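Below: the structure, in C-alpha cells.
Computed from a predicted model, the values in this text were never measured in an experiment.
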Amino acid sequence: MDRHDEYFMEKAIDNALKSRRAGNEPFGAILVKGEEVVKVGENKVHSQFDPTYHAEIGLIRDFCSEHNVFDLSDYTLYTSCEPCVMCSGAMVWSNLGKVVYSVSHDQLAEIAGDNIMISCKEVFEKSPLRPQVVERVMNERGIEVFDGYTFG
C-alpha cells in the first residue's frame with residue numbers, strides 16, 4: 001500500500017466523521033492533484049436537502065464548476081467508502097484518473113443493510129472511461145466511521 005494513499009485516506013475518513021457529526025450521512029472525500037489536496041468534500045444530503053449530494057459527486061460538481069474543467073484525468077479522488085453507482089458515473093463523465101476507497105460496498109451492506117448493490121468496478125468496466133481503482137485502504141479505520149450506522 002502506498003503511504004501517500006494512507007495519508008490522503010486519513011483526510012477522507014476525517015471528512016466522513018465531520019459529515020456524520022453535522023447530521024449527514026458518514027461519507028467523505030478529497031480530491032488530490034500530485035501531492036496537493038485541491039478540494040475537500042463531505043456528504044450533505046440532509047443539510048442541503050439534496051439526495052444527490054454525496055461526498056464524491058458534490059466534490060466533483062463543485063470543483064469542476066469552480067475551475068471550469070471537465071477533465072480530471074490528472075487527479076485522484078480519495079473516498080471513505082466505495083462510490084455508489086451515481087458517483088461512479090460522475091467519475092466516468094469527469095474522466096477521473098484514479099479513485100481510492102476504504103470501505104467496500106459489500107462491507108457497507110453488511111453494516112447498514114442493502115442498497116443498490118452495483119460495485120464501482122462494474123460501472124467502470126461498462127464505461128468508455130475507466131479510473132484506476134485502489135481498494136480497502138485503511139479499511140479498519142474506515143469501518144469505524146460506520147459504527148451504529150444504518151441507511152437513513
Apply side chain to side chain contact (heavy atoms under 4.5 Å, CB included) to the pair D50 and V45, showing each step before the final yes or no.
-> CA-CA 5 Å; D50 181 352; V45 297; 6.0 Å; no
Side chains of [X] and [Y]: donor-acceptor distance under 3.5 Å anywhere?
| X | Y | answer |
| --- | --- | --- |
| S47 | N24 | yes |
| E56 | N43 | no |
| R136 | S104 | yes |

Looking at Y53, is R61 sitting on its ring face, NZ or CZ under 6.0 Å from the six-membered ring centre and within 45 degrees of the normal?
->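 Ring-cation test returns yes.
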Pair [X] + [Y]: basic N to acidic O under 4.0 Å:
| X | Y | value |
| --- | --- | --- |
| D14 | R141 | yes |
| R3 | E6 | yes |
| E82 | K121 | no |

Same apolar cluster: [X] and [Y], side chain cutoff 4.5 Å:
| X | Y | result |
| --- | --- | --- |
| M138 | V100 | yes |
| L59 | M86 | no |
| V40 | V32 | yes |
| F8 | I143 | yes |

Could you tell me whether F27 and F146 have their ring centroids closer than 6.0 angstrom?
->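 Centroid separation for F27 and F146: below 6.0 Å.
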Below 6.0 angstrom between ring centroids: does that apply to F63 and Y75?
->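 Between F63 and Y75, the centre distance is under 6.0 Å.
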Going through the checks in order, is the side chain to side chain contact (heavy atoms under 4.5 Å, CB included) test met by H54 and C84?
-> CA-CA 9 Å; H54 291 193; C84 72; 3.4 Å; yes
Please lay out, stage by stage, how K39 and H67 fare under the test side chain to side chain contact (heavy atoms under 4.5 Å, CB included).
-> CA-CA 11 Å; K39 187 72 176 172; H67 297 277; over 6 Å; no
Any donor-acceptor N/O pair, S127 side chain to L129 backbone, under 3.5 Å |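 No.
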Using atom types as modelled and distance alone, determine if a side-chain donor or acceptor of S94 lies under 3.5 Å from a backbone N or O of M91.
->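 The answer is yes, because a donor-acceptor pair under 3.5 Å joins these two groups.
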Got [X] and [Y] here, is their nearest side-chain heavy-atom distance under 4.5 Å?
| X | Y | result |
| --- | --- | --- |
| V37 | K11 | yes |
| T76 | V99 | no |
| S102 | M9 | yes |
| Y101 | V133 | yes |
| R20 | E25 | no |
| S80 | N15 | no |
| I30 | L77 | no |

Interatomic spacing from [atom1] in [X] to [atom2] in [Y] - rounded to 0.5 Å:
| X | Y | atom1 | atom2 | value |
| --- | --- | --- | --- | --- |
| L31 | I60 | CG | CD1 | 7.5 Å |
| C64 | L72 | SG | CG | 4.0 Å |
| E122 | H105 | CD | NE2 | 9.0 Å |
| I57 | S88 | CD1 | OG | 9.5 Å |
| S73 | Q132 | OG | CD | 13.0 Å |

Just wondering, more than 12 heavy atoms not from E140 lying within 6.0 Å of its CD?
->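 It does not: E140 CD has 12 such atoms or fewer within range.
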Side chain to side chain contact (heavy atoms under 4.5 Å, CB included) evaluation trace for L108 with Y149 = CA-CA 9 Å; L108 180 60; Y149 172 71; 4.2 Å; yes
Which heavy atom of V145 sits nearest a heavy atom of A16, and at what distance?
->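 So the minimum-distance heavy-atom pair works out to CG1-CB, 3.9 Å.
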